[in-house]
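Before any comments, here is the structure.
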2 protein chains.
Amino acid sequence: MRPNKKDELVRKALTVFYRDGFHATGMDKLVAETGVSKTSMYKHFRTKEELIVAVLKLRDESFREWFERRVDELADTPADKILASFDALGEWFEEDSYRGCMFINAGAEFNCKDDPIRQEAAHHKQVLLDYFTNLARQAGARDPELLGCRILLLKEGAIVTSSLLGTAQPACDAKETARILLDEALKG
Amino acid sequence: MRPNKKDELVRKALTVFYRDGFHATGMDKLVAETGVSKTSMYKHFRTKEELIVAVLKLRDESFREWFERRVDELADTPADKILASFDALGEWFEEDSYRGCMFINAGAEFNCKDDPIRQEAAHHKQVLLDYFTNLARQAGARDPELLGCRILLLKEGAIVTSSLLGTAQPACDAKETARILLDEALKG
DNA sequence: CTCAAAGTGTACTGGTCGGTAAACTTTTGC
DNA sequence: GCAAAAGTTTACCGACCAGTACACTTTGAG
């Protein structure tokens with residue numbers, strides 16, 4: 001149970017930060033909701049910012065792990081995986097606890113360019129871009145980097161729209177749009 | 001100078017909220033940065049939330065006014081206006097003060113479903129959706145609602161991506177993507 | 001069994017939060 | 001020119017903010 005308490009803190013803090021936002025979540029609330037004492041928190045993380053960065057690192061890891069696994073379950077070929085990405089997103093949008101993308105939210109709250117929190121968010125998007133670009137390459141797209149960019153645009157757009165309008169419909173719209181882009185990238 | 005002080009307060013508060021975020025901006029900072037006394041603020045707006053809603057209403061109005069005017073300057077036909085939208089966005093992304101979409105940011109900070117701030121954000125996106133749908137209809141798209149949705153997805157995706165990655169490039173990517181969607185919606 | 005690491009509760013700091021009270025000055029309409 | 005409306009300054013409220021100090025208990029490895 002040695003490294004568990006720290007991980008447990010990060011895991012529980014993730015839930016609260018995602019639900020209520022970063023600035024709106026004080027360390028006192030975290031103490032109340034995680035059951036971890038404040039003293040212990042500040043033994044693991046020197047500042048709230050350090051804790052948030054740790055939370056984002058966990059989120060990056062666990063989201064991508066879930067996402068890529070789900071896509072693999074839903075489709076076999078690279079081209080189908082690209083389309084299935086939006087089915088996976090749709091499932092996410094329909095969760096009760098869905099609150100948009102944590103990295104977009106973090107970027108909205110911490111605007112300073114060189115903020116490590118913001119850099120963590122940028123990193124997450126970059127890794128997802130690479131994921132889509134790889135799928136595009138494997139699918140035989142004419143310009144994999146370009147198709148990857150476009151798929152990412154659709155994904156981010158679908159997240160923001162579904163979150164603000166409170167419907168999972170954008171996932172379907174994005175999927176059909178992706179189909180058009182995929183066809184265009186594979187033809188000729 | 002009767003209605004001016006209130007409008008001036010909202011206008012200046014907009015700048016600060018956009019730059020620093022909503023929760024990170026206290027009323028005391030607003031007093032310091034706007035030159036309007038706190039007493040006077042609370043005479044116009046009963047709560048901080050009311051002020052934020054007023055700020056968002058102004059933002060909705062002024063952003064759309066700027067955006068639609070700029071699009072009209074850049075293109076003549078409805079189809080070209082859809083494409084020119086992304087040129088206008090690109091100009092916005094390159095402004096030093098660019099900090100992403102204020103409504104996306106507001107939605108990230110205020111997550112409660114029935115929060116008036118969130119509803120204001122949803123309204124803004126809905127009005128922009130209508131704008132794109134109208135352009136799509138005028139352009140003779142097969143399914144204007146569908147094309148409108150897709151253009152909106154690209155726009156939101158470009159905003160989020162450009163904001164987090166700190167480059168205006170997504171505007172170009174989105175424009176070329178929109179061209180493909182437009183062709184698809186006009187052909188046959 | 002023992003000792004150190006890891007965890008705990010409680011109380012505290014100085015500063016900021018959103019919001020209010022009261023007494024005063026300026027601006028405006030008639 | 002006079003009253004009301006709109007503005008101001010200053011001081012204050014209780015609550016919460018991030019972060020610390022200290023004395024205490026639990027836990028795990030040798």
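Keep in mind that what you see is a predicted model, and the values were worked out from it rather than measured. Proteins get letters first, then strands, A, B, ... in listed order; numbering begins at 1 in each.
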Could you give the [atom1]-to-[atom2] distance, from [X] to [N], as a whole number of Å?
X        : N       : atom1 : atom2 : answer
Leu51(A) : dG19(D) : CG    : C1'   : 13 Å
Lys38(B) : dT20(C) : NZ    : C1'   : 9 Å
Met41(B) : dT9(D)  : CE    : P     : 11 Å
Asp7(A)  : dA6(C)  : CG    : P     : 14 Å
Ile52(B) : dG18(C) : CD1   : C1'   : 11 Å

* Asked: On the ring face of Tyr131(A), is Arg64(A) found with NZ or CZ under 6.0 Å from the centre and within 45° of the axis?
  -> no
* **Charged N-O contact under 4.0 Å between Asp173(A) and Arg150(B)** =>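 No, Asp173(A) and Arg150(B) are not salt-bridged.
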* Could you tell me whether Arg69(B) and Glu73(B) have a side-chain N and a carboxylate O separated by less than 4.0 Å? => yes
* Going through the checks in order, is the side-chain contact (heavy atoms from CB on, under 4.5 Å) test met by His44(B) and Val36(B)? -> CA-CA 11 Å; His44(B) 291 307; Val36(B) 178; 5.8 Å; no
* Asked: Nearest to the side chain of Thr39(B) - dA18(D), dG18(C), dT10(D)?
  ->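 It is dT10(D).
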Would you say a side-chain N or O of [X] is under 4.0 Å from OP1 or OP2 of [N]?
X        : N      : answer
His44(B) : dG7(D) : yes
Ser40(A) : dT8(C) : yes
Lys43(B) : dA6(D) : no

* Asked: Would the His123(B) and Phe103(B) ring centres measure less than 6.0 Å apart?
  ->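 No, too far apart.
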* **Contact residues, residues 21-32 of chain A to DNA chain C [heavy atom, < 4.0 Å]** =>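 Those residues: none at all.
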* Output every pair passing salt bridge (Lys or Arg N to Asp or Glu O under 4.0 Å) with a member in residues 90-111 of chain B, not counting sequence neighbours, ordered by first then second residue. => Arg70(B)-Glu91(B)
* Any donor-acceptor N/O pair under 3.5 Å between dG19(C) base and Lys48(B) side chain -> no
